[in-house]
Amino acid sequence: MTEEKKSLNFIEHIIEEDLENGMNTSNLRFRFPPEPNGYLHIGHTKAIGISFGLGLKYNAPVNLRFDDTNPAKEEQEYVDAIKEDITWLGYTWDRECYSSDYFQQLYDWTVQLIKEDKAYVDSQTAEAIAEQKGTTTEPGTNSPYRDRSVVENLDLFERMKNGEFDEGAHVVRAKIDMADPNMLMRDPLMYRILKKSHHRTGDEWCIYPMYDWTHGESDYIENISHSLCSLEFKPHRKLYDWFLDQVYSEHIRPKQREFARLNLSYTIMSKRKLLKLVEEGIVKGWDDPRMPTISGLRRRGYTPASIRKFVETVGVAKRENVIDVSLLEFCVREDLNKIAPRVMAVMNPVKLVITNYPEGQEEWLEAENNPEDDSAGSRKVPFSRELYIEKEDFKEEASRKFFRLTLGKEVRLKNAYIIKGESVVKDDEGNITEIHCTYDPESRSGSGTEASKRNVKGTLHWVSIAHAVPAEIRVYDRLFNDEAPAGHKDKDFMEFLNPESLKIITGYVEPSLKEVQPLEQFQFQRLGYFNVDPDSSDNLLVFNKTVGLRDTWAKAKPVQSQNNNNKPAQNQQREVRAIEEVKRAGKKYTNLPEEKRAVLKNKIIEAAKKVEIEELIPLYNTAAKKVGTRIATTIALGIVLETKNMEPDELAIAFIQKGIEDGNELLQTEAKEIAKKYSIN
């Protein structure tokens, strides 16, 4: 097998095999088929990425088809939102299709099946039909209406179409086999009566086809070559093929294949549950930045590139698994680090007065926009005698490990001067209202003086009070404080709502942000990544926190009880302990003599066998000075790739190459070993 073949996922292998067996590339056509009954969420991005990604890989068209067969739940609002989301993600569809376009053809095919005695009208209640289905170990029983004559069935079906019956009076069922071991084959429903207006066809129809009858036939009508769907539809494949057998005559016969859904920790993926959050006012709509919807992520400041990278990193799998949400946050951090301009904002202000700075004087200092982007240029920020700094950046008395401002010690103000804490002013309750300090006039950043080159351990961000622009800052956190909020049989998911998921504060930002536009993204230095909310106006700037500069949840994860009999939970905890063991080993790796280091390396190797690749990715961005952690991560990466029979992706390759270029010999050795094995230059 070639290296190229190794890198293919299992769906690409299926397509390559079809092409080798005679299928023409020009006959490839894919589709993304959302039901317009809610907004797309992060779980859908995997299906979107797979279908549109295959379209790009094979230069094949991709249809956007709305499976709009249930007017009780579907709305034009959802159609419009879905189109906007897919476009924002950067994908373009070939044809915009609707299952409702095929209602007449589906009706005509149903008439033909009735004539062939392969479908019939059942007049039982839904409860009676369900009871007759049987179980996985017991066959079902035939409906008393199963042997109705063709003439009677045709008459009833036409009268259903003409609106003569109430909802629930009749349904149409396929006549297959009530003893089939696959319960979906036990005379499945094809049509039901729904006297509701459809968002596209209005009141033209009062009977609507069921999903299983509609989906495969829509694929066939559109000449879809590969019908890709999530794993829960695997049992439906037999029925999908049976329905196709009844209508297939020529053209491309669609092939259904299934992949694992994208499940994310701390997240709800059910549209029904997401709708409940909206309807009960827990969130402020489908695009609330706490929602996992694409529109919510967009409003929060996520980028299309970060979401696409996340989907690419997760990959295509055949088995269900849960991806830690920290991987998604890592991807957006990585992207914003490259593109987001750096600015200064203070969210919890306290007044700082530079007592030896001339009153009434101001100067405009040079500030770099983005050190990761040479073309980003610089801007001017105003400096004056009175500034705002963060309250937590000052302590009257502090330990030697506190590297921010305290009395008698020096720190640097970002892009400005070195200052020294001198005294404080307090109110009647003992709260600090002002910090007084002095500055070294010769220490301005970038001035080239000896004083400017002095090494002080702390650097603070700040905003000039005279120039500060007030802003509403919405600090968002995860909506749920449980890793699997919907995974508790005895508890409602609403019990795990995080009461700290939104804090609204008034902060101050530098004046360069006065003219910002909605959805523009920035790094508030030392605070995190933020973007401009559409609620912003000329009178009030509103910012949303997208993500912090580092993962703060990793340290806060609760340790589950060792006596827990829930096996999946035990497995999940074992994985958490394994990655933590790798991290702990890294912290002391370079401080040990060779013999003890060898023992520790073996521990890293054993722990890495229980680690998932997604857990390593956030460690790729470990600071260069934490070389021990980088070494441990490199060792673990090699083991994970080997034990999981994986090829390194772009992120892993970049991490390995960075290790080779590092000045630490131990790190170089580990990185070179992986590079040699996987032919990384």
Side-chain angles (χ1 to χ4, degrees), residues 10-11 13-15 17-18 21 23 29-35 47 50-51 65 67 69-70 99 102 105-106 109-122 124 126 129-143 146 171-192 208-261 316-320:
F10 80 93
I11 292 177
H13 274 294
I14 291 170
I15 295 171
E17 188 175 311
D18 289 340
N21 290 334
M23 174 179 276
R29 180 178 285 270
F30 309 101
R31 89 287 176 269
F32 173 62
E35 183 181 354
I50 289 173
S51 293
R65 182 178 73 240
D67 278 340
T69 61
N70 186 358
S99 292
Y102 316 133
Q105 177 65 80
L106 292 166
W109 274 334
T110 306
V111 169
Q112 186 60 38
L113 288 181
I114 292 174
K115 289 179 179 179
E116 295 172 359
D117 200 26
K118 294 178 179 177
Y120 63 97
V121 175
D122 196 336
Q124 297 182 97
I129 292 173
E131 190 175 337
Q132 292 167 0
K133 277 280 189 178
T135 67
T136 54
T137 57
E138 297 177 353
T141 56
N142 289 346
S143 164
R146 196 173 197 265
V171 294
V172 176
R173 298 174 69 181
K175 188 184 288 188
I176 306 179
D177 182 0
M178 291 300 292
D180 195 294
N182 184 330
M183 293 183 66
L184 294 169
M185 300 295 288
R186 297 179 186 179
D187 290 9
L189 270 61
M190 295 176 66
Y191 270 94
R192 77 287 206 199
Y208 290 93
M210 302 299 291
Y211 176 86
D212 279 324
W213 169 228
T214 308
H215 191 76
E217 277 39 53
S218 298
D219 287 341
Y220 176 57
I221 291 169
E222 295 175 16
N223 292 319
I224 301 301
S225 61
H226 296 80
S227 180
L228 309 173
C229 51
S230 48
L231 273 181
E232 68 264 33
F233 290 100
K234 189 169 185 177
H236 296 246
R237 193 200 295 183
K238 187 175 181 180
L239 180 56
Y240 181 95
D241 288 335
W242 188 91
F243 277 138
L244 281 179
D245 288 340
Q246 313 314 310
V247 302
Y248 177 75
S249 61
E250 56 182 352
H251 307 304
I252 298 297
R253 182 185 172 101
K255 176 185 289 188
Q256 177 179 307
R257 291 296 182 266
E258 307 82 17
F259 56 86
R261 289 187 305 177
V316 182
K318 293 183 180 181
R319 291 186 297 176
E320 295 283 0

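As the structure is a computational prediction, the values presented were derived from the model and not from experiment.
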side-chain contact (heavy atoms from CB on, under 4.5 Å), paired with D241, selected from K255, R253, H236: R253
Assess whether atom CD of E131 is packed by more than 12 heavy atoms of other residues, nucleotides or ligands within 6.0 Å. no
Here the pair of heavy atoms bringing F259 nearest to L228 is CE2-C, 3.9 Å
With sequence neighbours left out, what residues match Y248 under ring pair (Phe, Tyr, Trp, His ring centres under 6.0 Å)? Y220
Closest approach of I224 to I252 (non-hydrogen atoms, all atoms of both residues): O-CG2, 3.7 Å
Which class fits the ring pair W109 and W213: parallel under 30°, tilted 30 to 60°, perpendicular over 60°? perpendicular
Step-by-step side chain to side chain contact (heavy atoms under 4.5 Å, CB included) determination, R237 to R257: CA-CA 8 Å; R237 193 200 295 183; R257 291 296 182 266; 3.3 Å; yes
Flag, side chain of T69 to backbone of M210, donor-acceptor distance under 3.5 Å: no
Between K238 and D212, is a salt bridge (Lys or Arg N to Asp or Glu O under 4.0 Å) present by the stated rule, with each step listed? CA-CA 11 Å; K238 187 175 181 180; D212 279 324; over 6 Å; no
Spatial distance of atom CD1 (I114) from atom OH (Y120) [nearest 0.5 Å]: 11.5 Å
In this structure, OH of Y208 is separated from OG of S99 (nearest 0.5 Å) by 13.0 Å
Verdict with supporting geometry, R261 and E232, side chain to side chain contact (heavy atoms under 4.5 Å, CB included): CA-CA 9 Å; R261 289 187 305 177; E232 68 264 33; 3.2 Å; yes
Any donor-acceptor pair under 3.5 Å linking the side chain of D187 with the backbone of I176? yes
Please give me the minimum heavy-atom distance between S218 and Y102, naming the atom from each residue. OG-CD1, 3.4 Å
Whether the side chain of R319 engages the backbone of A260 through a donor-acceptor N/O pair (distance < 3.5 Å, no angle test) should be reported. no
Is the shortest heavy-atom distance from the side chain of R192 to the side chain of N70 under 4.5 Å? yes
If the threshold is 4.0 Å, N to carboxylate O, is there a salt bridge linking R29 and E222? no
Taking the side chain as everything from C-beta on, heavy atoms only, tell me whether Q124 gets closer than 4.5 Å to R173. yes
Once rounded to the nearest 0.5 Å, what's the spacing between atom CE of M190 and atom OG1 of T110? 4.0 Å
